[in-house]
Amino acid sequence: MAITSSFYPTISTSSPRRPAPFPNSRCTFATVVSSQLSKEATKSVEFQGRVGFLGLGIMGTPMALNLIKAGCDITVWNRTKSKCDHLINLGAKYESSPAEVASSCNVTFAMLADPESAIDVACGTNGAAKGMGPGKGYVDVSTVDGATAKLINKHIKDSGALFLEAPVSGSKKPAEDGQLIFLAAGDASLYETVAPLLDVMGKSRFYLGEVGNGAAMKLVVNMIMGSMMASFSEGLLLGEQVGLDPNVLVEVISQGAISAPMYSVKGPSMVKASYPTAFPLKHQQKDLRLALGLAESVSQPIPIAAAANELYKAAKFHGLGDQDFSAVIEALRGKLQHPEH
Ligand SMILES: NC(=O)C1=CN([C@@H]2O[C@H](COP(=O)(O)OP(=O)(O)OC[C@H]3O[C@@H](n4cnc5c(N)ncnc54)[C@H](OP(=O)(O)O)[C@@H]3O)[C@@H](O)[C@H]2O)C=CC1
Ligand SMILES: O=CCCC(=O)O
C-alpha cells in the first residue's frame, strides 16, 4: 500500500503478513538458520527476498547478525574481507564487490563510516548502483549529510531501483540487542517493504518524508549528543579539580532533571579514564562537522556545537579517534594542545 503521509512515527517490532514482494527469491522467513543461532534468536522476520549487507564495522556486524538470527538470507561484503568470516560461518553468503551483492539481492543495506565511503560503495567502480535495477532497493543506514544521501539516491534511482536513507540512533549495544531507532526517508514503498527488516534490527522507526530529512534528523540528534558529552566532560573535570568525588557527581546527575542514559553508562568508565569503543570519537567529530554544514546552509548559529567540535578535533588529532567519543574528556585535561596552537 502506498504511503501518503509525509511524517508518521511507528513503533513496532512485528508487522502484518503481506504478499511476497520478491516471489522468485530464495529467502525463507521465520526460519532459524542453525541450532547455534536458535538459542540466541529473539525476533523472526516476515520478509521474502535476499538481503545484502555492505559494511561490517561496529554497527554493521551486529545488525547483519540479527538479520541472520531472524532467518534472513543474507549476503555480505566488507572492504576488509576478514570481517565477513564470522557471519559467513553463521550462514551468510559472500560476494566480492558491492555491485555483486546488489545484483544478487533484492534489497541491500549499507552501513559505512562516512560520506566518502558511503558514496564510494554506492556509486564508485563496482559500487552497488552497478548491480541495481528495477524491483530492487538500496537502504543506506550510514550517518551522512543530506547532499550525500541525495547523490546516492540519484545514482540508485537512475538504475531503476528504489532508495531509502535510514540512519540509526543507538549505539553498539542497541545494535546487538535489536533496539535501534531508524530515521528513514525516501521511497515510501521501499520503506514498507523493508519495515520487517528494520523491526528485526530496531525498536522503532520514523518515516520522515523526502531524502535528506533522515540525515538532518540524525545530525541534529548527534550534534546535541556531542555537545552533551563535551559539557559532561567539563563538569567531571571541574568537580575533580574542586575535590568532588566524580562517582558521587555521576550519581547526583542520574537522579536529577539532566539525567541521561549516556551519563550513567559512560560516566563510570570516564572516571577511570577508560573509553571502550562503542561510538568512535572520529565519527562523532564527523557528525559535528556535518551538523555545522547543515547549520551553515540555513545560517543558524550553533556556537555550543562549534566549540564542542574543536574539542573533538583536538582529541582526534592526538590519536583518540578510534576510542569511544567519551575520550573527548582527555582534550580538556590540559595535557592535549589544539593542533593549531
Ligand atoms: N558506532 C556507533 O555507535 C554508531 C555509528 N553510527 C554511524 O554508523 C556508521 C558506521 O559506524 P561504525 O560501525 O561505528 O563504524 P566502523 O568504523 O566500525 O565501521 C566503518 C565501516 O565502513 C567501512 N569503510 C570505511 N571506509 C571505507 C571505504 N573507503 N570503502 C569501503 N568501506 C569503508 C569499514 O570497512 P573496513 O572494515 O574495511 O574498515 C567498516 O565496515 C557511521 O556513519 C557512524 O557515524 C550510527 C549510530 C551509532
Ligand atoms: O551515531 C551514534 C549514536 C550513538 C547513540 O545514539 O548512542
Side-chain angles (χ1 to χ4, degrees), residues 52-66 76-87 94 96-99 101 108-128 139-146 148-149 152 165-177 179-184 201-204 206 214-229 232 260-266 275-291 312 316 321-328:
F53 212 107
L54 311 173
L56 300 176
I58 291 169
M59 297 296 285
T61 294
M63 292 169 76
L65 181 58
N66 279 333
V76 296
W77 172 88
N78 191 65
R79 179 181 63 175
T80 306
K81 193 200 166 213
S82 58
K83 292 191 189 171
C84 298
D85 292 346
H86 177 56
L87 296 182
Y94 172 79
S96 60
S97 73
V101 171
T108 299
F109 286 82
M111 187 44 136
L112 286 320
D114 50 25
E116 295 72 26
S117 53
I119 290 171
D120 199 38
V121 167
C123 317
T125 315
N126 295 322
V139 185
D140 196 330
V141 293
S142 322
T143 303
V144 298
D145 56 314
T148 296
I152 296 173
E165 59 168 350
V168 299
S169 191
S171 193
K172 184 180 175 192
K173 182 76 167 57
E176 289 167 352
D177 295 344
Q179 295 290 303
L180 295 169
I181 301 161
F182 285 93
L183 310 171
M201 297 183 280
K203 67 176 179 183
S204 64
F206 293 80
M217 181 70 82
K218 175 63 184 166
L219 293 179
V220 170
V221 170
N222 271 28
M223 179 196 80
I224 296 170
M225 189 174 75
S227 298
M228 280 174 65
M229 178 56 81
F232 183 56
M262 182 174 82
Y263 299 148
S264 300
V265 169
K266 307 274 186 191
Y275 315 107
T277 309
F279 181 37
L281 187 144
K282 65 186 175 191
H283 293 335
Q284 174 64 82
Q285 194 275 317
K286 173 257 301 179
D287 294 349
L288 281 164
R289 173 172 61 79
L290 298 178
Y312 288 95
K316 197 171 87 167
D322 289 324
Q323 297 209 35
D324 191 70
F325 76 119
S326 50
V328 72

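For this chain, numbers begin at 1 and follow the sequence in order. We use all heavy atoms of the structure for the numbers below, so side chains are in, but hydrogens, waters and symmetry mates are not. One-based numbering, in listed order, for ligands and for the atoms of each.
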Next on the checklist: Counting only nitrogen or oxygen atoms and a 3.5 angstrom limit, does H283 reach ligand 1?
Outcome noted: yes
Checklist outcome for this item: L56 heavy atoms within 4.0 Å reach ligand 1 at atoms 41 (O)
Checklist entry - What pairs with T61 under side chain to side chain donor-acceptor pair (under 3.5 Å), at least two apart in sequence or on another chain? => result none
Checklist entry - Residues two or more places apart in sequence or in another chain: which of them pass salt bridge (Lys or Arg N to Asp or Glu O under 4.0 Å) with K286? => result none
Please give the N or O to N or O pairs under 3.5 Å between ligand 2 and the protein, distances rounded to 0.1 Å.
unit_1: ligand 2; atom_1: 1 (O); unit_2: K218; atom_2: NZ; d: 2.7
unit_1: ligand 2; atom_1: 1 (O); unit_2: N222; atom_2: ND2; d: 2.8
unit_1: ligand 2; atom_1: 6 (O); unit_2: G170; atom_2: N; d: 2.9

Next on the checklist: Please report whether ligand 1 has a polar contact with W77, defined as an N or O pair separated by less than 3.5 Å (distance criterion only).
Outcome noted: no
Checklist entry - side chain to side chain contact (heavy atoms under 4.5 Å, CB included) between L180 and M59: does it pass, once the steps are laid out? => result CA-CA 10 Å; L180 295 169; M59 297 296 285; 3.7 Å; yes
Checklist entry - K282: what forms a salt bridge (Lys or Arg N to Asp or Glu O under 4.0 Å) with it, not counting sequence neighbours? => result D322
Item to check | Any N/O pair S142/ligand 1 closer than 3.5 Å | outcome: no
Checklist entry - Considering distance alone, does some N or O of V141 sit under 3.5 Å from an N or O of ligand 1? => result no
Next on the checklist: Side chain or backbone, does K83 bring an N or O within less than 3.5 Å of an N or O on ligand 1?
Outcome noted: yes
Next on the checklist: Would D120 count as being in polar contact with ligand 1, using the rule that some N or O on each side must be under 3.5 angstrom apart?
Outcome noted: no
Checklist entry - Are G170 and ligand 1 in contact, using a heavy-atom cut-off of under 4.0 Å? => result yes
Checklist outcome for this item: With heavy atoms and a 4.0 Å threshold, my read on which part of T80 contacts ligand 1 is both
Item to check | Derivation of the side chain to side chain contact (heavy atoms under 4.5 Å, CB included) call for D114 and H283 | outcome: CA-CA 8 Å; D114 50 25; H283 293 335; 5.7 Å; no
Checklist entry - What pair of heavy atoms forms the shortest contact from L112 to L54, and how long is it? => result CD2-O, 4.2 Å
Checklist entry - Between K286 and ligand 1, is there a nitrogen or oxygen pair with a distance under 3.5 Å? => result yes
Next on the checklist: Between ligand 1 and G55, is the shortest N or O to N or O distance under 3.5 Å?
Outcome noted: no
Item to check | P280-ligand 1 polar pair, N/O distance under 3.5 Å | outcome: no
Item to check | Nitrogen or oxygen atoms of A113 and ligand 1 under 3.5 Å apart | outcome: yes
